[in-house]
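Okay, structure first, notes after.
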Amino acid sequence: MAAHQSLRTHTCGELRATHVGERVTLAGWVHRRRDHGHLTFFDLRDRYGITQVVTSADEAPATHEAAAEARNEWVIQVSGAVRRRPEGTANRELPTGEVEVAVDEVSVLNESKVPPFYINEEQPGLEEALRLQYRYLDLRRPPMRDRMLLRARLSSAIRRELEAEDFVEIETPLLIRSTPEGARDFVVPSRLQAGQFYALPQSPQQLKQLLMVAGYDRYYQMAHCMRDEDSRKDRGPEFTQVDIEMSFVREEDVMAAVEAMVTAVTRQVVPERQISQTPFPRLRYEEALARFGSDKPDLRFGMELMELSDALRVVDFRVFADALAAGGAVFAIRAQGCGGYSRKQLDELTDLAKRQGAAGLVHLSVESDGSLRGPAAKFLEASSAAVLAATGAEPGDLLLIVADADRATAATALGQLRLEMGERLGLRDPAVLAYVWVYRFPMFKWDADLNRWDATHNPFSAPVWEEADRMEADPGGIHAQQYDLALNGWELGGGSIRIHRRDLLERAFALMGHTLEGMRDQFGALLDALEYGAPPHGGIAIGVERWVALLANQENIREVTAFPKTQSGSDLMLGAPSPLDQQQLAELHLRVDLGG
RNA sequence: GGACCCGUGGUGUAGCGGCCCAACAUGCCAGCCUGUCACGCUGGAGAUCGCCGGUUCGAAUCCGGUCGGGUCCGCCA
């Protein structure tokens with residue numbers, strides 16, 4: 001093992017029966033102490049594991065007495081002989097559990113105050129703010145350590161796989177130019193140029209495209225990105241992405257390369273997990289929305305959406321009739337065996353549907369005689385057979401139905417209910433990883449507020465080539481060569497084939513209301529570069545925190561981030577952000593105005 | 001910008017108008033204990049209930065505000 005240094009001969013995860021008889025020196029933290037008077041056991045911990053060391057009043061009285069001072073989290077160094085534990089006292093829970101070190105020499109390398117929370121046991125309810133304030137102690141806890149090591153193995157495997165396929169890692173700058181597109185920028189004031197600001201990258205998008213123009217036809221980078229938008233459990237102000245770009249490729253090529261890397265990496269890093277399907281399923285956006293109510297569906301379970309628009313077209317029920325008359329849709333999911341849900345449970349589901357933009361939720365339970373029961377049942381009597389036929393619902397089942405004048409709204413609201421029911425029914429198997437491609441997104445969406453078309457994803461994404469001619473004639477009807485990679489209901493990454501011809505890019509931007517001057521000002525370098533032999537190219541970016549979180553079965557990316565920010569963007573350990581003093585402000589040509 | 005939830009010894013919880021200057025577990029300290037591994041036993045110290053204000057004879061408990069944390073909507077090309 002490489003971790004041998006002059007203060008230790010072995011790590012705390014290393015000793016086995018084969019070491020019995022060797023004299024060793026270990027250094028680490030006191031994980032736990034069991035004091036039996038004339039005999040004291042210490043569990044000594046480092047990042048490699050735990051080893052039991054013993055001091056004895058009979059064998060080494062002075063050492064025994066000296067060691068008795070040590071408390072939890074003190075850093076100590078011990079020397080002694082490795083010996084097999086007495087018959088019947090081996091600990092099968094520990095890899096090192098067959099042996100122990102009979103300590104004859106101990107030295108305290110550093111004492112520790114009593115920590116503000118337990119390092120040596122799990123503590124589910126522990127206030128996260130406290131963990132963040134003492135993150136260096138939190139990171140010492142074995143579950144956090146394991147997640148950090150998992151993340152390191154993931155990064156390493158990604159690099160190994162990509163480099164084996166001739167990808168080259170190229171770093172791009174962190175101080176770049178602000179552009180109003182996309183998320184809000186974090187900005188950095190320039191000292192040398194008064195009144196001017198850099199922006200921190202939301203992603204190295206333009207730079208990696210410029211690298212393609214430069215001929216580095218397979219680029220990757222573990223790229224740090226920053227977006228000044230409100231946090232969620234799956235996104236924070238700064239994050240890391242595996243940024244990839246390739247030249248001379250079609251969608252197929254990028255997806256194949258990424259899929260090969262993702263599959264190989266997953267198998268190396270979490271061999272115990274099951275990838276539900278390879279090659280990864282591919283769903284067109286429209287299909288993902290219609291079947292799962294999401295553009296990042298969780299494919300670990302079925303419970304697909306069923307469209308009832310036709311079955312219910314004749315029903316005299318305002319909620320459905322109005323939605324359908326307005327050109328909308330009615331969707332349902334069938335929750336098997338949930339017909340007995342209580343009023344409270346149904347209210348919770350209704351609240352969820354409303355939060356997701358639905359006007360309401362119609363719930364029907366199927367009685368043992370096949371009749372439907374629920375607040376809206378009396379309106380549906382004439383159609384109950386059609387509903388049962390369309391949904392396949394059986395006695396004891398619960399049907400959840402959402403109608404909306406907007407098809408996507410109905411589908412996404414029900415998609416959220418599907419996830420909730422999947423959770424409640426235990427269908428989201430934590431052992432399974434269900435990667436899925438979602439592709440062929442609409443290229444533009446109408447922005448009612450700005451009264452213009454806007455890119456659904458990335459403004460540099462290319463239209464499906466055969467559709468490019470219709471861009472101006474039918475902006476809402478054409479699709480982008482855009483593909484997202486989803487995993488267990490989370491968006492892991494997204495990418496596209498880019499526009500590599502200046503005229504086409506200008507047309508796309510013009511459609512989004514950009515003037516030629518505005519484009520030159522903001523994207524001048526890229527536009528110019530496209531005129532110097534830009535090859536066809538495309539790529540993807542994969543969110544590292546989300547990926548690790550899913551591989552570690554964590555709900556929250558803070559659990560896989562060494563030093564995360566709070567929801568309001570604070571670093572509770574460092575106390576950031578903080579004010580600047582007057583001199584710093586003056587150098588940066590800034591004046592702070594807190595008046596509001 | 002908005003909605004909701006949380007904030008009681010070091011930590012996690014209980015208490016939710018007077019029986020509480022606050023209970024339980026764990027941790028901490030001390031003593032005892034030669035085979036433990038969440039060691040055990042005995043004893044002890046430790047919180048005026050995030051903060052400010054109000055209601056009340058009386059507030060951890062009710063109300064308002066505020067600070068911190070979380071979840072969500074908006075936002076996130």
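To find a chain, count down the sequence lines: A is the first, B the second, and so on, and within it residues start at 1.
Comparing the same atom, P, in B:A22 and in B:G44 gives a spacing of 16 Å after rounding to whole Å. The same atom, P, is picked in B:C33 and in B:A38; the two are 24 Å apart, to the nearest Å. Taking atom P on both B:A23 and B:A47, the two are 12 Å apart, rounded to the nearest angstrom. Using atom P as the reference point in both B:C62 and B:C49, the two lie 14 Å apart (nearest Å). Only the P atoms considered, B:G7 is 16 Å distant from B:A60, to the nearest whole Å.
Other residues, nucleotides and ligands contribute at most 12 non-hydrogen atoms within 6.0 Å of the NZ atom of A:Lys354.
Considering only side-chain atoms of A:Gln356, the nucleotide from B:C76, B:G69, B:C72 that sits closest is B:C72. Here the side chain of A:Arg235 is nearest to one of B:C76, B:G12, B:C28, namely B:C76. Comparing B:C72, B:G10, B:G35 by their nearest atom to the side chain of A:Arg232 picks out B:C72. When the nucleotides B:C75, B:C39, B:G70 are ranked by their closest atom to the side chain of A:Asn556, B:G70 comes out on top. Distances from the side chain of A:Arg83 to the nucleotides B:G1, B:U71, B:G35 place B:G35 closest. In the set B:G12, B:C72, B:G69, B:C72 carries the atom at the smallest distance from any side-chain atom of A:Arg355. Counting only heavy atoms from C-beta on, A:Val114 has its side chain closest to B:G27 among B:G69, B:C39, B:G27.
Residue A:Thr89 places no side-chain N or O under 4.0 Å from the OP1 or OP2 atom of B:C37.
Residue-level contact check: A:Arg32 touches the backbone only, with heavy atoms under 4.0 Å from sugar-phosphate atoms and none from bases. Within the nucleic acid shown, A:Ser56 has no heavy atom closer than 4.0 Å to any nucleic acid atom. The residue A:Asn72 sits close only to the backbone: its heavy atoms come under 4.0 Å of sugar-phosphate atoms, none of a base. No contact: A:Arg184 has no heavy atom under 4.0 Å from any strand. Residue-level contact check: A:Arg558 touches the backbone only, with heavy atoms under 4.0 Å from sugar-phosphate atoms and none from bases. Across all strands, A:Ser203 comes closer than 4.0 Å to base atoms (heavy-atom distances). A:Gln202 comes within contact range of no nucleotide atom at all, as no heavy-atom separation falls under 4.0 Å.
In this structure, a donor-acceptor pair under 3.5 Å is absent between the side chains of A:Glu238 and A:His224. No side-chain N or O of A:Arg546 forms a donor-acceptor pair with one of A:Gln241 less than 3.5 Å apart.
Ring pair A:Phe117/A:Tyr134 is perpendicular by interplanar angle, where above 60° counts as perpendicular and below 30° as parallel.
Note on A:Asp230 versus A:Arg232: no salt bridge recorded, every NZ/NE/NH1/NH2 to OD/OE distance being 4.0 Å or above. In summary, A:Lys208 and A:Glu245 engage in a salt bridge, as defined by a charged side-chain N under 4.0 Å from a carboxylate O.
Remark: the A:Glu100 side chain and the B:G35 base include a donor-acceptor N/O pair separated by less than 3.5 Å.
A:Leu137 places its CG atom 15 Å from the C1' atom of B:G27, with the value rounded to the nearest Å.
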